[in-house]
Amino acid sequence: MKNYFVLWIFIFALEATFRLISGMNIWDITMLRILLSSSMIALVLSYVFSWVGKRVSKYFAIASAFLLSIYAFIQLGFNNFIGVYMSINTRSQLGAVTDYIKEFLASFLKIYYLVFIPFLLLVAYYIFLDKYVVRKTSKKFLLKENTFFKNALKTTLVGSILIIEIFLYSKSLTVAFMQDDLQTVSTKDLFYNPSIPSLTVNKFGVLGYGFLDIKSLYIEKEESPDYFVNVEIVPPSDRKIDDTLWESVIKNEKNKKMNDINKYLKNQKIIDYNEYTGIFENKNLIVIMLESVNDIIAYLPEYYPNFAKIYNEGWAFTNHYSPRNSCATGNNEFSGMTGLYTIYNNCTANVYKDNTYYESIFNLFKNKHYKATSMHNYLEHYYSRKTIHKNLGSEKYYGVDDLGIPYYNEYENWSSDEDFMKVAMDITLENKEDPFMLWLTTVSSHQPYVTKSVEGDKYLSLFEDTDYSKDLKRYLSKLKTVDNALGILLDRLEESGILDDTVIVLYGDHYPYGLKKDTINEVLPYNLEDYEVEKTPFVIYNSATESKKIDTYTSYINLLPTIANLFNLEYDPRLYMGTDLFSADYENIVTFADGSWKNDAIYYNAATSKITEYKEDAMTIEEIKRINQMITGKMQISSSIIRNNYFEYLENALKKAKEETVIKEDT
């Protein structure tokens, strides 16, 4: 019992310290649930330790407290470095993390070490006070050692307390006074599926999240999209789509889960045509996802003239964000190609690499007789792109070996984007007769920045007269390689006479999280809190169109439907979680990976349900609830689509329905 109370106090103090360091409210009603979970963890641990004797149990208690403190410490650092809490569902990327362990450890803020204060106090207790407490209490409360009665009483007592606490804990998941009306995912749903780690940590504590995360590996209840089906009458659209076959599929489908998805998607509004529809029809398209490129490249035009040309002469979106998730590069590439939200707590692109998506960007362009290919200048070490891109519809994926360009085996060095662009253009421009759609993912600007590297040191001399930090200079050197690659692209297109007939789309996969925020602020003048650090460039460039700056709030989720409309491709807008940015129906907000969102008037933090207003009386609570429900519905239905390989199912179901219709007509 002594160890139980000591561990209970320690665990609850650890949770409270974690919340204080993370900026969470420790006076929240949620702390009652965390108090209960702390008691349950302490009760189980102390009961197990009680069977090994007093002295050994003390050492076990200290060891377990240390491990729990380490876990909380790592979670603080992981969230700071990657932008999400570590999950067992992303264990496939463990090897990738160990590659940049130096950068990871260097990113820890000094304040994070305060999380060890409860552990140090616990150790001090066992060293200085434990004997005194034992001496005072043993005669009063302890029975004779090694008796059957004592063991039976101990087990009965622990079991009884645990049953009561489990009952109270389960009630806390649904009792009204412990719920938050603005919460995007219910507490009960989070218990069954901790799909949003930041919200789960807030509602269950960091250790509670850890146990729920482990549980989800073996027992996971998928969210049902029933609640989010749109039952309102959808207004008509100028974009006419024949739903006869889809209605037939829905009518005959016996699988409730698939039909839930069918109904959700079919009941979405078909987005109308607009003045930008088809403005780039029949032109070539090159999409470039820029590795670790953020707004820094736009704020230093004197060093990056090629990007500056594209940015200043194209359509530049000044409020574009690339929200990080568990595997930002691969997942954000996937979202750009499919218009779907990835599953927040796993490496979706890898885990579901065998899925197919007939509505992907490659397939839409192939349907219009484009040659659709993709290229990346690195190995399969992190993401299985040869499989992923093929199943997304790329006719040919070129990895670094296929491209035949030099690369390095050690993590510190990457291949050169300059070499990459030269070979990419050689392959693409070999046949200029057919229109092409090309997806490029660069790599040179990837971290590390704290150590020497070929690309990190190549252009250091350009910045020797600046006061920038050394790691920032290395990042800027790598950006120079990226900018030179863009220069090669522009020159080759112009030399080939197809610059005017080609559209270039640029977006960053995520900000350079190998740099600390203070370092980034050596260039960027704005506050990086409230997800502002995740701002990245997004530009649509064609040399024959007039430039413009667009302040719409957006992210990569809107990339595909926007391009589909600009090129007048045949597509169904209901199949995407994003929306054409030029549509009158576009909701002017950017959604982050945990369900938080913002625009010029408001920032809603999904982890804390906190609202920050940039303008007074910007939105009513009802409007915020509507947006939360919309976002949650899209994220949950997107997750269900991916988990169930829905688009392969729908493609086959529509083909079967069509065949059956033809047979009936012939009969």
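Because only heavy atoms are used, hydrogens play no part in the values below, and waters and symmetry mates are left out as well, while side chains stay in.
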Quick one: list whatever passes side chain to side chain donor-acceptor pair (under 3.5 Å) with [X], sequence neighbours left out.
X	value
Tyr357	Asn355
Thr428	none
Asp483	Asn306
Tyr507	none

Contact list for residues 584-603, test salt bridge (Lys or Arg N to Asp or Glu O under 4.0 Å), sequence neighbours left out:
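Found Lys269-Asp585, Glu532-Lys598, Glu587-Arg626, Asp600-Lys615.
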Ring pair (Phe, Tyr, Trp, His ring centres under 6.0 Å): which pairs involve residues 451-471, sequence neighbours left out?
Tyr303-Phe463
Going by salt bridge (charged side-chain N to carboxylate O under 4.0 Å, His left out), name the residues that satisfy it together with Lys516, two or more places apart in sequence or in a different chain.
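None.
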Using ring-ring contact (aromatic ring centres under 6.0 Å, His included) as the criterion, list what pairs up with [X], not counting sequence neighbours.
X	result
Phe420	none
Tyr321	Phe592
Phe538	Phe317, His320
Phe436	none

List the residues meeting side-chain contact (heavy atoms from CB on, under 4.5 Å) with Asp465, not counting sequence neighbours, and say none if there are none.
none
If you measure from the Lys or Arg side-chain nitrogens to the Asp or Glu carboxylate oxygens, is any gap between Arg324 and Glu534 under 4.0 Å?
yes
Salt bridge between Asp426 and Arg492, side-chain N to carboxylate O under 4.0 Å?
yes
